[in-house]
Colleague: 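Before I ask anything, let me first share the structure, which is written out below as C-alpha cells.
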Amino acid sequence: MSLFQGIDISASGLTAQRLRMDVIANNIANANTTRTPGGTGPYRREVVELSQKPASAFGAMLNQSLNPTGDGVQVTKIAQDQSPFKLVYDPGNPDAVKDPKSPMYGYVRMPNVNIVTEMVDLISASRSYEADITALNASKSIDMKALQIGK
C-alpha cells in the first residue's frame, strides 16, 4: 500500500457521494415535474450505481489479490428508476388526460419520486461522506506521523 492510497480511496468515495447527493437533490427538485423538456412525460427518478474501481495494471492486480483493500469506488452509471408513475386526480392540470370518455379523465401522471425515500438516501449519502472525511483525516494523520519518524 503506497503512502497516498488511503487518501486516493477516500477521495474516490467523496467524489461518488457528492455525485449521489447531487442526483438526490435533482430528484427532489423535480418531484412535481409532470413534463420533461423532451416531452416524454413526467420526470423519472435517477439512481447512482457505484462499483469497486478495477485494478488497472498487472502489479496493481497482484497487489490487490495479496492485499484486498481495493482502490476505492467509481460511478458505474446513473440509471433511471423504472417504477411506475403515481396517478393524481387533478383535472385543472394542463397535463391531465382531457378525453372525457377515457377512464383516466382528469388524472395526471406524476414523477415516481418519493420524498421520504430521497431524504433517507440523502442522509445515507451524507453519512458516507462524513465517514470518508474521517478516513481521509486518519490517513493524513498516519502519513504525517510516518514523516515524523524520519526526522
Side-chain angles (χ1 to χ4, degrees), residues 1-140:
M1 185 169 185
S2 71
L3 186 66
F4 298 111
Q5 188 174 7
I7 293 173
D8 289 342
I9 292 170
S10 297
S12 71
L14 289 170
T15 303
Q17 296 306 325
R18 191 194 60 166
L19 176 66
R20 198 170 150 215
M21 286 190 270
D22 287 345
V23 168
I24 291 169
N26 191 33
N27 287 340
I28 292 172
N30 288 302
N32 293 320
T33 303
T34 57
R35 187 181 316 162
T36 56
T40 57
Y43 175 79
R44 197 168 276 281
R45 178 177 183 250
E46 294 179 337
V47 179
V48 176
E49 294 182 6
L50 304 175
S51 67
Q52 181 180 357
K53 265 188 188 174
S56 56
F58 176 74
M61 291 176 67
L62 181 62
N63 189 23
Q64 186 174 6
S65 66
L66 296 174
N67 185 14
T69 57
D71 288 333
V73 295
Q74 67 179 3
V75 175
T76 305
K77 68 178 181 177
I78 298 175
Q80 290 189 335
D81 186 1
Q82 297 300 319
S83 62
F85 295 117
K86 296 182 286 186
L87 290 175
V88 174
Y89 184 73
D90 184 11
N93 190 315
D95 292 328
V97 175
K98 300 293 183 198
D99 184 13
K101 296 177 184 173
S102 172
M104 299 298 294
Y105 175 73
Y107 280 93
V108 180
R109 290 187 317 156
M110 298 297 286
N112 57 355
V113 175
N114 184 348
I115 296 297
V116 174
T117 302
E118 298 302 323
M119 291 306 295
V120 169
D121 286 350
L122 184 61
I123 291 170
S124 171
S126 67
R127 297 285 187 226
S128 296
Y129 193 87
E130 290 173 6
D132 284 330
I133 287 177
T134 302
L136 178 70
N137 286 334
S139 293
K140 189 171 71 175

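On a predicted model such as this, the values are computed, not experimentally measured, just so you know.
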Colleague: Before you tell me yes or no, could you show the steps for Met119 and Ile28 under side chain to side chain contact (heavy atoms under 4.5 Å, CB included), namely the whole-Å CA-CA distance, both residues' side-chain angles and the distance that decides it to 0.1 Å?
Modeller: CA-CA 9 Å; Met119 291 306 295; Ile28 292 172; 4.0 Å; yes
Colleague: My understanding is that only one of Val73, Leu14, Asn137 makes a side-chain contact (heavy atoms from CB on, under 4.5 Å) with Asp132; could you say which?
Modeller: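 Going through Val73, Leu14, Asn137 one by one, the side-chain contact (heavy atoms from CB on, under 4.5 Å) with Asp132 is satisfied by Leu14 alone.
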Colleague: Mind listing the closest non-hydrogen atom pair of Leu50 and Gln17 along with its distance?
Modeller: CD1-NE2, 4.0 Å
Colleague: Could you check whether Asn30 and Thr33, counting side-chain N and O atoms only, form a donor-acceptor pair closer than 3.5 Å?
Modeller: yes
Colleague: Any side-chain heavy atom of Met110 within less than 4.5 Å of one from Asp90?
Modeller: no
Colleague: Determine the minimum heavy-atom distance between Tyr89 and Tyr105, stating which atoms define it.
Modeller: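 That would be CE1-O, 3.4 Å.
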Colleague: Would you say that Arg109 contacts Asp95 through its side chain, given a criterion of any heavy-atom pair below 4.5 Å between the two side chains?
Modeller: no
Colleague: Is it the case that more than 12 heavy atoms not belonging to Asn32 sit under 6.0 Å from its CG atom?
Modeller: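 No, because the 6.0 Å sphere around CG of Asn32 holds 12 heavy atoms or fewer from other groups.
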Colleague: If only atom types and distance count, is the side chain of Ser128 paired as donor or acceptor with the main-chain N or O of Ser124 below 3.5 Å?
Modeller: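 Yes: the side chain of Ser128 pairs with the backbone of Ser124.
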Colleague: Report yes if some heavy atom in the side chain of Val108 is under 4.5 Å from a heavy atom in the side chain of Leu87; otherwise report no.
Modeller: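 No; the side chains remain at least 4.5 Å from each other.
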Colleague: Under the 3.5 angstrom rule, does the side chain of Arg45 hit a backbone N or O of Ala31 as a donor-acceptor pair?
Modeller: no
Colleague: Evaluate whether atom OH of Tyr107 has more than 12 neighbouring non-hydrogen atoms of other residues, nucleotides or ligands under 6.0 angstrom away.
Modeller: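 Atom OH in Tyr107 is not packed in, count stays at 12 or less.
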Colleague: Looking at Val47, Leu122, Leu19, Val48, which one forms a side-chain contact (heavy atoms from CB on, under 4.5 Å) with Ile24?
Modeller: Leu122
Colleague: If I take atom CD1 from residue Ile7 and atom NZ from residue Lys140, how far apart are they, to the nearest 0.5 angstrom?
Modeller: 8.5 Å
Colleague: What's the shortest heavy-atom distance between Gln74 and Gln52, and which atoms?
Modeller: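 Smallest interatomic distance, heavy atoms only, reads NE2-O, 4.1 Å.
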Colleague: Is it true that Asp8 and Lys53 make a salt bridge, defined as a side-chain N closer than 4.0 Å to a carboxylate O?
Modeller: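 Salt bridge absent between Asp8 and Lys53.
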Colleague: Does the side chain of Met21 come within less than 4.5 Å of Ser126's, by heavy atoms?
Modeller: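 Of all side-chain heavy-atom pairs linking Met21 with Ser126, at least one is under 4.5 Å.
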Colleague: To check you understand the geometry: which heavy-atom pair defines the closest contact between Phe85 and Tyr43, and what is its length?
Modeller: CE2-O, 3.6 Å
Colleague: Below 4.5 Å, heavy atoms only, C-beta onward: do Pro42 and Lys86 meet side chain to side chain?
Modeller: no
